[in-house]
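Below is one structure, written out as structure tokens, with a few remarks after it.
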Amino acid sequence: MMRKPCIAANWKMNKTAAETRAFLNDFIPLVADANNVDIVIAPPFTSLCAAAELLSDSPIHLAAQNLFYEEKGAYTGEIAPYMLTDAGCSHVIIGHSERRHYFKETDEVLNRKTIIAGKHELKVIFCIGESLEEREAGKTFDVLNREICEGLKDVPAAGITVAYEPIWAIGTGKTATTEQAQEAHHYIRERLAALYGAAAGEIRILYGGSVTADNVDALMSCNDVDGALVGGASLKPDIFSRIVKFKAKL
Ligand code: PGA
């Protein structure tokens, strides 16, 4: 099964609308010849419309970093799925460890978010990953299994991309080794196969956590690594374009 690689930028709480425009004006020409990879960019909500305008003629996909699990109504400060599609998003990141940790988003909440995203035909980058404490206690697979089973319960396989992001590797400069990444991705692939059968073969599994222009080629050489979710190194057009143009698997 050939899965098209996907390289996604998670800008987190960075960049104004003007900074978003400046990034894209530089970045779009840099990746004009990158045809064999899906590129996704997730700016903050306030920059989505600015990004959508500049991406209207581009194959680059626009993602939000979060959404709320209700259709609309009295939920002060929240953003509904239809607002994201209206703003030009085709994708949404759900379950990032920062959402799970700082905003106490539970597996059940993330499951509701994933289900409503699918109803609005938003493709989901669903993030999972263990903490250092969990890894050291030998619980990595248990955590991944729980996050997959509970988060993707009653969610169809179509439109799902999974991102494996070991929490200890996010923003720390500590990347998982290729062996650690491959081992976790292989396990995730098996769990997805148990959940979805043959359809699991089409689900891409991205690696995230201190991906840089220097380590992306090695990570992308792992059999079960289909792409990357990039935080810090996605904020500069030249560096992120180099990541997008990772050295292809032979
Ligand atoms: P990082 O973030 O690349 O800065 O480690 C990745 C992420 O949190 O998605």
Side-chain angles (χ1 to χ4, degrees), residues 5-15 19-20 23 27 37-45 47-48 51 60-67 89 91-105 110 113-114 117 122-135 140 143-144 147-148 151 160-178 180-181 184-185 188 203-220 222 225-246:
C6 173
I7 305 286
N10 174 13
W11 285 356
K12 309 190 180 185
M13 199 170 71
N14 293 289
K15 292 195 194 292
E19 288 164 346
T20 298
F23 175 99
F27 180 72
V37 55
D38 280 335
I39 306 171
V40 182
I41 298 194
F45 290 130
S47 291
L48 288 174
I60 299 171
H61 305 285
L62 186 61
Q65 299 173 16
N66 183 26
L67 85 180
C89 291
H91 289 62
V92 60
I93 298 172
I94 294 180
H96 192 280
S97 60
E98 288 150 16
R99 301 292 321 167
R100 293 177 188 263
H101 178 69
Y102 296 119
F103 304 99
K104 308 284 176 270
E105 295 192 1
L110 298 173
K113 291 187 172 194
T114 306
L122 283 160
K123 296 194 167 79
V124 173
I125 299 178
F126 188 78
C127 304
I128 59 176
E130 81 288 358
S131 66
L132 185 59
E133 203 185 0
E134 289 161 340
R135 174 164 281 266
T140 298
V143 171
L144 298 178
E147 290 179 340
I148 291 169
I160 295 292
T161 296
V162 171
Y164 169 61
E165 299 205 303
I167 297 168
W168 47 272
I170 295 178
T172 57
K174 280 192 212 157
T175 322
T177 63
T178 49
Q180 286 170 326
H185 282 231
I188 293 164
I203 299 182
R204 291 178 292 196
I205 308 175
L206 316 184
Y207 169 81
S210 297
V211 174
T212 64
D214 293 328
N215 60 28
V216 67
D217 298 338
L219 288 161
M220 290 301 293
C222 300
V225 175
D226 304 314
L229 180 55
V230 188
S234 72
L235 294 169
K236 296 236 165 69
D238 50 342
I239 296 175
F240 188 54
S241 67
R242 166 64 185 85
I243 294 175
V244 164
K245 295 181 184 180
F246 67 91

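What's counted below: heavy atoms across the whole structure, side chains too, no hydrogens, waters or symmetry copies. Numbering of ligands and ligand atoms starts at 1, following listing order. These numbers come from a predicted model, not from an experiment.
Evaluation of the salt bridge (charged side-chain N to carboxylate O under 4.0 Å, His left out) rule for Arg100 yields Asp107, Glu147 as partners, not counting sequence neighbours.
Crowding of Lys123 atom NZ: a count of heavy atoms from other residues, nucleotides or ligands under 6.0 Å not exceeding 12.
Ring planes of Phe23 and Trp11: perpendicular class, angle over 60° (limits at 30 and 60°).
For a heavy-atom separation below 4.0 Å, the residues in contact with ligand 1 are Asn10, Lys12, His96, Glu165, Ala169, Ile170, Gly171, Gly209, Ser210, Leu229, Val230, Gly231, Gly232.
Between Ile128 and Phe126, some side-chain heavy-atom pair lies under the 4.5 Å cut-off. A heavy-atom distance below 4.5 Å is found between the side chains of Ile60 and Ile41.
In this model, a donor atom of one side chain and an acceptor atom of the other lie less than 3.5 Å apart for Tyr164 and Glu130.
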